[in-house]
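In the text below, chain A, chain B and the rest are named by the order of the sequence lines, each starting its count at 1.
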2 protein chains.
Amino acid sequence: MISESSKRKISESTIHRLSLYYRVLSVLEKENKETVSSKELAKREKLTPAQVRKDLSFFGSFGTRGLGYPVMELKRQIGDILGLNRTWNVALIGVGNIGSALVGYKEFQRQGFQIRIIFDNDQRKIGSNHKGIQVADIGNLEKELKESKIEIVVIAVPATVAQYIVDDVVKAGIKAILNFAPVNLKVPEDVFLRNENMSMELEYLSFALINLQNGKRA
Amino acid sequence: MISESSKRKISESTIHRLSLYYRVLSVLEKENKETVSSKELAKREKLTPAQVRKDLSFFGSFGTRGLGYPVMELKRQIGDILGLNRTWNVALIGVGNIGSALVGYKEFQRQGFQIRIIFDNDQRKIGSNHKGIQVADIGNLEKELKESKIEIVVIAVPATVAQYIVDDVVKAGIKAILNFAPVNLKVPEDVFLRNENMSMELEYLSFALINLQNGKRA
DNA sequence: TAACAATTGTGAATTGATTCACATTCATTT
DNA sequence: AAATGAATGTGAATCAATTCACAATTGTTA
């Protein structure tokens, strides 16, 4: 747990970069590297050494001057900060296009995010097994979420119904929601909501092709 | 086309917010709203009115003082900036979990991103049709990309092979790549590369649950 | 064991993004 | 046609993030 005083100061970007560091450290571990410098770490994710050091410094001092950071140890520490050295009980709502992909997405499992239950409103899907996971009736949301001790809910339903569903999820006491529907959802202050907007980056590319084509990049 | 002088100054965040504005404007259009104020626009995406006005001001003045912005007209203008009032020829490489989901993702088509061809290295998939789209042999990448006049390539292959594939894509002259593999890919200066890291937001939620649980959010 | 090379950790400086605040403009009402 | 109200567009001010630069520390070499 990080200190009370630092709680309000760590930026979203820093946390996202911790994810990148974690990823690189996993690779370095496989390559049997014992230590890594901020320089090397930065190079592998196209960042600056100073940025790496500053990011890590928010959480403590993990390195050795003159040597660098111990790969395994730093990976463990970042894992602790990000909560990746444990498992999370995740529920998925909506098993259409995106939902199906998420069920089979190995990267989630590898990081401890375990999809325990799937909800859908399609009677043909309810009761069946989707890659070994039970598909429950969205009507039993609250009951099932509690029984499965779900901590994080992933929303992969059409934008038109996402707000209704998220309202029910919130009522069921869930405090962390990942939303794949392309719509801004309203949740109470004490609920963490993150959005995964799959067309945003494609739109950025489109913008870049039209506007940044010649000359330097933005 | 935006002016030469402004080319180097528009931030990534501004472009991403344009995507949000575009989304809201589409909804407002359906609701038959004729005009919208920066206040309303901001409210719908949890931003500030000043932010909305500043973002738009980088590209021109689209509003009327005292009235607000004309919904249809502004949508068209942002569409022009983001390149959404046209179609893009997109190729998808890798039709596994994620790839399959992308093929069926309506949101892409709606915004003009047309998946024209799919590549895979699995002999069982090659030659077949995936939701009406031809699956080609990754071995014929360069030839097929050119024949289909592809402008944007989406990479949805395992992280371990992504760099090899992106090298080939670059050799084929593609200048815009969207990468779903959880790895940092190297591309030349003149190629636009964007990453879609699907676990990053989940990791942020995990972090939030552990570190920000009580008290205010970061 | 002293000198050297490498690299961290971090205040200070800088750069960048957001918000403020207000003059300006337009539509509407009286 | 003047007064009123609403809302833009934008320079200035503020806030936040990144980079700089260097003292401090450690391992290694002579």
Side-chain angles (χ1 to χ4, degrees), chain A residues 2-3 5-21 24-25 28 33-71 73-74 77-78 81 204 216-218, chain B residues 2-3 5-21 24-25 28 33-71 73-74 77-78 81 204 216-218:
Chain A
I2 58 179
S3 76
S5 64
S6 63
K7 258 193 192 175
R8 277 153 195 75
K9 285 198 221 78
I10 289 151
S11 78
E12 191 174 304
S13 325
T14 291
I15 302 308
H16 280 164
R17 282 191 299 267
L18 286 191
S19 291
L20 298 181
Y21 303 149
V24 172
L25 288 164
L28 290 168
K33 295 274 193 329
E34 297 226 325
T35 59
V36 63
S37 65
S38 58
K39 195 176 163 191
E40 170 71 8
L41 214 37
K43 197 180 139 214
R44 297 231 187 184
E45 290 291 348
K46 233 172 287 162
L47 301 165
T48 65
Q51 177 97 80
V52 172
R53 296 200 299 274
K54 178 68 80 178
D55 282 339
L56 295 177
S57 78
F58 292 130
F59 300 95
S61 33
F62 308 110
T64 306
R65 286 160 199 242
L67 235 200
Y69 300 92
V71 171
E73 172 63 8
L74 183 59
Q77 296 264 16
I78 295 180
I81 295 163
Y204 189 93
K216 298 275 151 49
R217 291 148 98 174
Chain B
I2 57 177
S3 75
S5 64
S6 62
K7 259 194 192 172
R8 278 153 193 75
K9 289 198 218 78
I10 289 152
S11 79
E12 190 174 304
S13 324
T14 290
I15 302 307
H16 280 164
R17 283 191 299 266
L18 286 191
S19 291
L20 298 181
Y21 305 149
V24 173
L25 289 165
L28 290 167
K33 294 275 192 329
E34 296 226 327
T35 58
V36 64
S37 65
S38 59
K39 194 175 162 192
E40 170 72 8
L41 216 36
K43 198 180 139 213
R44 298 228 185 184
E45 290 290 349
K46 233 173 286 163
L47 301 166
T48 66
Q51 178 96 81
V52 172
R53 297 201 299 276
K54 178 68 82 181
D55 282 338
L56 295 177
S57 78
F58 292 130
F59 300 95
S61 30
F62 308 109
T64 305
R65 284 160 201 243
L67 236 199
Y69 301 91
V71 172
E73 172 62 7
L74 183 59
Q77 297 265 14
I78 295 181
I81 295 164
Y204 188 94
K216 297 278 152 51
R217 290 147 102 176

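- Judged as a side-chain hydrogen bond (donor to acceptor under 3.5 Å, both in side chains), and not counting sequence neighbours, the contacts of A/Tyr21 are A/Asp55.
- Counting to the nearest Å, the C1' atom of C/dG16 and the CZ atom of B/Phe58 are 10 Å from each other.
- Residues A/Ser37 and A/Tyr69 come closest through the heavy atom pair C-CD1, 4.5 Å.
- Of all the heavy atoms in B/Leu25 and B/Val71, the pair that sits closest is O-CG1, 3.7 Å.
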* Nucleotide-resolved protein contact map, nucleotides 23-30 of chain C, B/S/- at heavy-atom distance under 4.0 Å -> BBBB----

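- For the helix from C/dT1-D/dA30 to C/dT30-D/dA1, the angle separating the two terminal helix axes comes to 0°, with each axis derived from five pairs and the value rounded to 10°.
- In this structure, B/Lys39 atom NZ and D/dG9 atom P are separated by 17 Å, rounded to whole Å.
- In this entry the distance linking CD1 of A/Ile15 with P of D/dA16 reads 16 Å, nearest Å.
- When the side-chain contact (heavy atoms from CB on, under 4.5 Å) test is applied to A/Ser19, the partners found at least two apart in sequence or on another chain are A/Leu82, B/Met200, B/Glu203.
- A/Phe59 has its CZ atom 14 Å from the P atom of C/dG9, to the nearest Å.
- Atom C1' of nucleotide D/dT18 and atom NE2 of A/His16 are separated by 18 Å, given to the nearest angstrom.
- A heavy atom closer than 4.0 Å to some atom of DNA chain D occurs in A/Thr48, A/Ala50, A/Gln51, A/Arg53, A/Lys54, these being the qualifying members of residues 43-56 of chain A.
- Take A/Glu34 and apply the salt bridge (Lys or Arg N to Asp or Glu O under 4.0 Å) test, not counting sequence neighbours, and it matches no residue.
- Contact annotation: A/Ser38 side-chain N/O to C/dT8 OP1/OP2 distance is under 4.0 Å.
- Taking all atoms of both residues into account, the shortest heavy-atom contact from A/Ser38 to A/Arg53 is OG-NH1, 3.2 Å.
- An OP1 or OP2 oxygen of C/dA6 is reached within less than 4.0 angstrom by no side-chain nitrogen or oxygen of A/Tyr69.
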